[in-house]
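Written below as structure tokens is the structure these notes are about.
Quick caveat: nothing in here was measured; it's all calculated off a predicted structure.
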Amino acid sequence: MQYWLMKSEPDEVSIDDALAAHGSTVAWFGVRNYQARNFMRDAMRVGDGVLFYHSSCDEPGIAGIAEVASTPYPDDTQFDSKSAYYDPKATRENPRWVLVDVRATQKTRLMTLPELRSIPELADMQILRKGNRLSITPVTPAEWRCIMRHINK
DNA sequence: GCCAACGTTGGC
DNA sequence: GCCAACGTTGGC
């Protein structure tokens, strides 16, 4: 069992959107970074814990809890020439981008970046490092437990 | 809107 | 294979 933090722009897919989706499950489309893709393709397992993070918005932070709900499969938006995520170099025979399904399990209070930064145990979290841009990052069991403890207060 | 950080592209 | 130029991310 591993833990992850996954960024989503709430304008596109928020924790509320995910909870309202069929089976509270959404396809994590649009990842176009090889490192983040490789986490989904190679490391994630069904049932892994996910921190649902809202990025590029008024109040960035952890907004809910989710879990990995599928094995990896091709991201259809790469084949759609009308999509912002279209990749002309990808083909159905040779997909370049994969995704997993993510099932939202709980909307939480918003744990903002300043709050996360204020917790000494979380000082090494990848999301808090300067220049962090990766949209999917691993979370250690200790970080996960710490966040679970704080988020329900 | 700014800008630091970092990934990608493409000429050589 | 190097690396400069360029593009993107994302908090502020």
Inset, instruction - Look at the aromatic rings of A:W4 and A:F39 and report parallel, tilted or perpendicular, splitting at 30° and 60°. - result: tilted
Checking [X] side chain against [Y] main chain: does a donor-acceptor pair fall under 3.5 Å?
X: A:D48; Y: A:Q2; answer: yes
X: A:N38; Y: A:Y34; answer: yes
X: A:T25; Y: A:G23; answer: yes

Inset, instruction - Please tell me if the side chains of A:I127 and A:Y53 come closer than 4.5 Å, counting only heavy atoms from C-beta onward. - result: yes
Inset, instruction - May I ask you to list the residues of residues 129-138 of chain A, by number, that have any heavy atom positioned under 4.0 Å from an atom of DNA chain B? - result: A:K130, A:G131, A:R133
Legend entry - Span of DNA chain C, from the first to the last nucleotide whose atoms fall under 4.0 Å of chain A heavy atoms: C:dG7 to C:dC12
Inset, instruction - Go through the side-chain N and O atoms of A:D17 and A:S14 and say whether any donor and acceptor fall under 3.5 Å apart. - result: yes
Inset, instruction - Scan residues 112-121 of chain A for pairs that pass salt bridge (Lys or Arg N to Asp or Glu O under 4.0 Å), counting only residues two or more places apart or in two chains. - result: A:R109-A:E115, A:E121-A:R149
